[in-house]
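Taking it in order: structure first as structure tokens, then the write-up.
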Amino acid sequence: MGKKNNVMCDYLGKPEKFADFINGSLYEGKQVVKPDGVKVSPTVYAKEERVRDILRMVYREENYVLIGVENQNSVHYAMPVRCMEYDALEYKTQLKELREHNERTRKGGVMNGAEFLSGMKKEDRLHPVVTIVFYHGEEEYDGCRNLHDMLNFGKENEIFKQYITNYHINLVTLEALREENFRTDVRELIGFMKRRRSKEELEEYCRENEERIRQMDEDTFDAVSVMINRPRFIKKKAVYREGGKVNMCKAMDDWEKELLQEGMEKGIERGIKVMILDNLEEGVSKEKILGKLQKHFGIDLDSAKECYARYAV
């Protein structure tokens with residue numbers, strides 16, 4: 001798993017963020033999932049050596065549903081089979097736990113034929129499992145979205161298609177999300193990620209949402225910094241912290257200053273190169289060129305010698 005996927009797993013795994021993400025991505029902002037109803041569920045299936053990204057028990061009154069989120073920064077062409085396997089392993093785990101429970105509580109410790117065969121009683125029910133694939137990569141998702149699309153039904157195989165159960169993935173793409181459907185700082189994370197390819201769009205987004213972006217929580221600040229490829233923001237986070245929140249606007253301003261400085265430095269470097277080459281063409285001696293470099297660009301003799309050695313070839 002890549003660093004960006006790790007960041008998304010940590011961030012969306014928090015109850016408040018998880019609830020907001022599910023509500024915003026699946027229910028258009030309707031508050032179906034409550035943060036206090038979100039409980040951690042094991043993500044590791046040891047014997048099968050499979051690990052989910054995020055799996056949470058979401059309680060609604062007495063019952064709960066298991067919701068998993070698989071974060072993808074790259075297209076996964078076998079995702080329908082991967083999700084199907086995760087869900088099957090979860091149901092298999094529930095069946096195992098149910099059998100053990102029934103064996104412990106059964107009078108005399110003996111189950112009848114049908115119960116013994118299945119491990120469950122006729123009235124037993126499993127908890128539903130939902131897996132969501134959150135694709136936040138920059139390229140368009142061009143992978144299969146159901147099992148049938150992965151199978152070879154060409155020619156003779158087409159006749160069997162009606163007997164093969166299809167399996168659809170619940171794909172959520174970054175570009176399809178609407179920021180206004182989120183109530184926590186997940187809104188800002190989505191907003192920044194959708195505009196990460198354009199610094200101009202990021203700056204405009206900051207201006208339009210300045211009040212919220214100046215009051216960003218630390219988890220979101222860290223996640224945004226990584227997801228827009230500016231992890232250096234995190235090292236200076238203490239400078240941007242204000243009253244328990246972090247001012248992302250200041251970080252963006254610093255980024256702009258860095259770019260301007262880099263541009264100036266590139267301009268100076270180009271000027272040094274042009275001066276050296278022009279003076280060499282005119283037959284100016286090395287000593288005089290070194291003197292000009294120190295005078296015009298304010299650099300010391302050693303730096304001037306380094307520049308001369310780099311370009312006087």
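Here, residue 1 is the first one in the sequence, and each next residue gets the next number.
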Could you tell me whether the side chain of [Y] reaches within less than 4.5 Å of the side chain of [X], counting heavy atoms only?
X      : Y      : result
Met252 : Leu202 : yes
Tyr11  : Asp185 : yes
Val246 : Lys237 : yes
Glu90  : Leu55  : yes
Asp124 : Asn102 : yes
Trp255 : Lys199 : yes
His101 : Arg104 : yes
Arg52  : Thr131 : yes

Among [options], find the one that has a salt bridge (Lys or Arg N to Asp or Glu O under 4.0 Å) with [X].
X      : options                : answer
Asp217 : Lys17, Arg187, Lys245  : Lys17
Arg195 : Glu138, Glu179, Glu208 : Glu179
Glu175 : Lys194, Arg197, Arg196 : Arg197

Counting only heavy atoms from other residues, nucleotides and ligands, does the tally under 6.0 Å from [atom1] of [X] exceed 12?
X      : atom1 : value
Glu139 : CD    : no
Arg212 : CZ    : yes
Phe153 : CZ    : yes
Arg60  : CZ    : no
Glu61  : CD    : no

Review point. Given Val284, which of Lys286, Lys288, Glu281 fulfils the side chain to side chain contact (heavy atoms under 4.5 Å, CB included) condition?
Key: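 Running side chain to side chain contact (heavy atoms under 4.5 Å, CB included) over Lys286, Lys288, Glu281 with Val284 returns exactly one hit, Lys288.
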
Point to revise | Plane angle bin for Tyr135 and Tyr141 - parallel if under 30°, tilted between 30 and 60°, otherwise perpendicular | key: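 Perpendicular, since the angle between the ring planes exceeds 60°.
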
Quick one: pull up [atom1] in [X] and [atom2] in [Y] and give me the separation to the nearest 0.5 Å.
X      : Y      : atom1 : atom2 : value
Leu293 : Ile276 : CG    : CD1   : 5.0 Å
Leu290 : Asp300 : CG    : CG    : 11.0 Å
Leu280 : Ile289 : CG    : CD1   : 4.0 Å
Phe233 : Met248 : CZ    : CE    : 6.0 Å
Asn247 : Phe221 : CG    : CZ    : 9.0 Å
His127 : Thr93  : NE2   : OG1   : 12.5 Å

Point to revise | Flag, side chain of Asn5 to backbone of Asn73, donor-acceptor distance under 3.5 Å | key: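 Present.
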
**Study point:** Main-chain N/O of Cys144 paired to Asp149 side chain as donor or acceptor, under 3.5 Å
**Key:**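 No, because the side chain of Asp149 does not come within donor-acceptor range (under 3.5 Å) of the backbone of Cys144.
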
Output yes when [X] and [Y] qualify as a salt bridge under the 4.0 Å nitrogen-oxygen rule, no when they do not.
X      : Y      : answer
Glu306 : Arg310 : no
Glu242 : Lys250 : yes
Lys14  : Asp20  : no

Applying the 4.5 Å side-chain criterion to the ILVMFWY set and letting contacts propagate, would [X] and [Y] be lumped into a single cluster?
X      : Y      : value
Tyr205 : Val224 : yes
Tyr86  : Val81  : no
Val130 : Ile22  : yes
Met8   : Ile67  : yes
Leu66  : Ile169 : no

To check you understand the geometry: which heavy-atom pair defines the closest contact between [X] and [Y], and what is its length?
X      : Y      : result
Val129 : Val65  : N-CG2, 4.4 Å
Cys307 : Ile272 : CB-CG2, 3.7 Å
Glu210 : Cys249 : CG-SG, 3.9 Å
Asn23  : Val32  : OD1-N, 3.2 Å
Arg99  : Ser118 : NH2-C, 3.5 Å
Phe18  : Leu12  : CB-O, 3.1 Å

